[in-house]
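Written out below as structure tokens is the structure these notes cover.
All residue numbers refer to positions in the sequence shown, counting from 1. What you see is a predicted model, and the numbers here were worked out from it, not measured in a lab. For ligands, and for the atoms within them, numbers begin at 1 and follow the listed sequence.
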Amino acid sequence: MTATAKTPEHPDIDADMWGKIDEVIDSNKDTPGCVITVLRECQDIVGYLPVELIGYISDGIGIPFSHVFGVTTFYSLFSLTPKGRHIIKACTGTACYVKGIKEVIGRIENTYGIGEGETTEDRRFSLEGVRCLGACGLAPVVVIGEDTHGDVTSDKILGVVDRYQ
Ligand code: FES
């Protein structure tokens, strides 16, 4: 493994993660157009892309920070803020909307103090509004991690969400 630049300090990135990040950079840096691949793999390691990591990647692959940072803000698959351990995806498609997903989302927002696109301070949950999940027969639908929950209501949703620690 080759260190690509002086390793910065970051509370969310431990030595093991930095080692994996170096491996990603070293194995991709000579490949033209590697920015997205490196960012995606580094995000998989850390869970998001802190600005210090973007700077480290920029140095490592020899591409200006402004360009690398621009890529992270252009593509929605990249997150510059930490995500929760559990991602709550609430479907805001038509069928779910008609069946009351707004009330379900509102209950989650009020209980956990987060809005769509936000993460709880303890990083337990992130809440996302998403388009039709393809399970309209189960509307309204919420997906938590890999689990699909159908026929949720504003009364039932807290019991469902609370199972995820
Ligand atoms: S509209 Fe929600 S699953 Fe289709």
If the cut-off is 4.0 Å to any non-hydrogen atom of Ala95, which atoms of ligand 1 fall inside it? 1 (S)
Is there a salt bridge (charged side-chain N to carboxylate O under 4.0 Å, His left out) between Asp151 and Lys99? Walk through the geometry before answering. CA-CA 9 Å; Asp151 290 319; Lys99 293 279 193 95; 5.2 Å; no
Atom 3 (S) of ligand 1: which of Ala90, Gly93, Ala135 has the nearest heavy atom? Ala135
Classify the side-chain pair Thr120/Asp122 by whether it contains a donor and acceptor separated by less than 3.5 Å. yes
N/O/S atom of Cys132 inside 2.8 Å of atom 2 (Fe) of ligand 1, strictly under: no
Any idea how Tyr48 and His10 line up, ring-wise: parallel (<30°), tilted (30 to 60°), or perpendicular (>60°)? perpendicular
Would the number of heavy atoms belonging to other residues, nucleotides or ligands and lying under 6.0 Å from CZ of Arg131 be above 12? no
For Cys136, the ligand 1 atoms whose distance to one of its heavy atoms is below 4.0 Å: 1 (S), 3 (S), 4 (Fe)
With heavy atoms of Gly134 as the reference, note each atom of ligand 1 found under 4.0 Å away. 3 (S)
May I ask you to decide if the ring planes of Phe69 and Phe65 are parallel, tilted or perpendicular, using 30° and 60° as cut-offs? parallel
Mind checking whether atom 2 (Fe) of ligand 1 has an N, O or S of Cys91 under 2.8 Å? yes
